Amino acid sequence: MTARRTTQRVVSMDGVLVAPEDARVSVYDRGFLYGDSVFETIRTYGGRPFALGEHLARLGRSAARVGIRLPIEEAAFAEEIGHALAAVDNPESTVRVMITRGTGPLGLDPNLAERPLRVMLIEPLVPLPAALYREGVAVITHRTERAADDAPGAKVGNYLGGMLALRAAKDVGAHEAILLDTHGAVIEGTTSNVFAVTGRTLRTPPEAAGILAGITRAWVLEEGRAAGLDVRETAMKPADLAEADEVFLTSTLREVLPVVKVDGRAVGDGVPGPITRALHRGFRTRAGLGDRAMPWEP
Ligand code: PMP
């Protein structure tokens with residue numbers, strides 16, 4: 001018997017499905033030249049894109065923030081994503097939606113761009129190892145020049161600052177780097193938002209700190225309020241993380257991930273805490289996944 005061939009990856013370019021090895025972008029594309037693009041990372045649950053409306057709304061806000069015209073309406077995006085997902089056989093997938101300002105003659109002037117290009121990469125979802133949820137992860141804090149960020153809150157294609165911070169984290173065996181602004185205030189992880197729990201108080205930096213307004217963050221804030229926690233979106237210093245009872249990260253691909261070490265120092269008891277676990281359970285129940293095993297469960 002021959003195994004059925006399965007398709008795991010597909011690329012949608014301006015709405016046309018192509019095999020990844022055939023997908024090409026011009027060297028004159030401004031996404032390549034200048035990081036002149038916006039994007040979203042979406043994941044599926046049960047094969048369906050999760051929080052799609054929220055992701056597409058944020059994509060629209062990011063594009064508006066940097067003056068990239070959305071090439072198609074939100075409903076058409078949703079349709080193209082559905083079409084691309086139908087072309088793969090994955091139990092769960094990630095969808096990376098990118099819009100670049102497009103190609104044009106060399107030059108920084110955005111008016112040189114001809115028309116936006118939209119690219120979607122559909123890939124099989126690779127879940128984080130269960131051990132990270134079971135044991136928690138280490139993070140470092142990393143000072144940046146983020147106060148000079150030109151488009152805070154927009155998910156733009158240039159992640160160079162985050163990438164360099166993440167390299168510093170990986171160099172010391174940490175999972176994520178928590179970015180600090182020029183004043184040393186906590187902003188967010190390189191691809192995550194950060195929370196601290198002290199007693200029954202749940203804290204996370206506000207949107208005004210220049211964070212990306214994470215979709216998982218919003219769900220967890222709602223869950224925290226529903227659970228009767230004292231929820232505060234407030235400025236934070238690295239000491240607030242180090243001295244908290246519990247710290248965790250949120251993102252689309254992580255959901256809620258416990259942090260047990262900040263800059264080499266144990267958080268609380270050095271193991272994932274009960275409020276982190278409860279918020280994670282609550283998040284998954286809200287997402288309609290209450291009947292599934294939690295990522296740390298066998
Ligand atoms: N901050 C940054 C800088 C990110 O790249 C991400 C990942 N999109 C997040 C926070 C978390 O956002 P979300 O929960 O919407 O994935």
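Note that ligands are numbered from 1 as they come in the structure, with each ligand's atoms numbered from 1 the same way. Predicted model, so just to flag it, every value in this text is computed and none were measured.
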Item to check | Heavy atoms from other residues, nucleotides or ligands near CZ of R292 exceed 12 (cutoff 6.0 Å) | outcome: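 Atom CZ in R292 is packed in, count exceeds 12.
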
Item to check | Candidate with minimal heavy-atom separation from atom 16 (O) of ligand 1, of V194, I42, I215, T252 | outcome: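 Of the listed residues, T252 has the closest heavy atom.
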
Which of the atoms in ligand 1, numbered in the order shown and given with their element, are less than 4.0 Å from a heavy-atom of [X]?
| X | answer |
| --- | --- |
| Y159 | 3 (C), 4 (C), 5 (O) |
| G214 | 12 (O), 13 (P), 14 (O), 15 (O) |
| E188 | 1 (N), 2 (C), 3 (C), 10 (C) |
| K155 | 4 (C), 5 (O), 7 (C), 8 (N) |

With a cut-off of under 6.0 Å to the ring centre and 45° to the axis, is [X] in cation-pi contact with [Y]?
| X | Y | result |
| --- | --- | --- |
| R43 | Y45 | yes |
| R284 | W219 | no |
| R96 | F39 | yes |

Next on the checklist: Taking the ring of H280 and the ring of Y133, is the distance between their centroids below 6.0 Å?
Outcome noted: yes

Checklist entry - Between T190 and ligand 1, which residue portion shows a heavy-atom distance shorter than 4.0 Å: side chain, backbone, both, or neither? => result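 It is the backbone that gets close, since no side chain atom is under 4.0 Å.
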
Checklist entry - With only distance considered, is T216 within less than 3.5 Å of ligand 1 through an N or O on each side? => result yes

Checklist entry - Just distances here: any N/O of T191 and N/O of ligand 1 closer than 3.5 Å? => result no

Item to check | For D14, salt bridge (Lys or Arg N to Asp or Glu O under 4.0 Å) partners two or more places apart | outcome: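 Partners of D14 by the salt bridge (Lys or Arg N to Asp or Glu O under 4.0 Å) criterion, ordered by chain and then number, come out as R115, R118.
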
Checklist outcome for this item: Hits for salt bridge (Lys or Arg N to Asp or Glu O under 4.0 Å) against R281, two or more places apart or cross-chain, chain-then-number order -> E297

Checklist entry - Does ligand 1 have an atom under 4.0 Å from some heavy atom of N193? => result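 Yes, N193 has heavy atoms under 4.0 Å from ligand 1.
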
Checklist entry - With a 4.0 Å cut-off on heavy atoms, does E40 reach ligand 1? => result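 Judged by the 4.0 Å heavy-atom criterion, E40 does not count as contacting ligand 1.
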
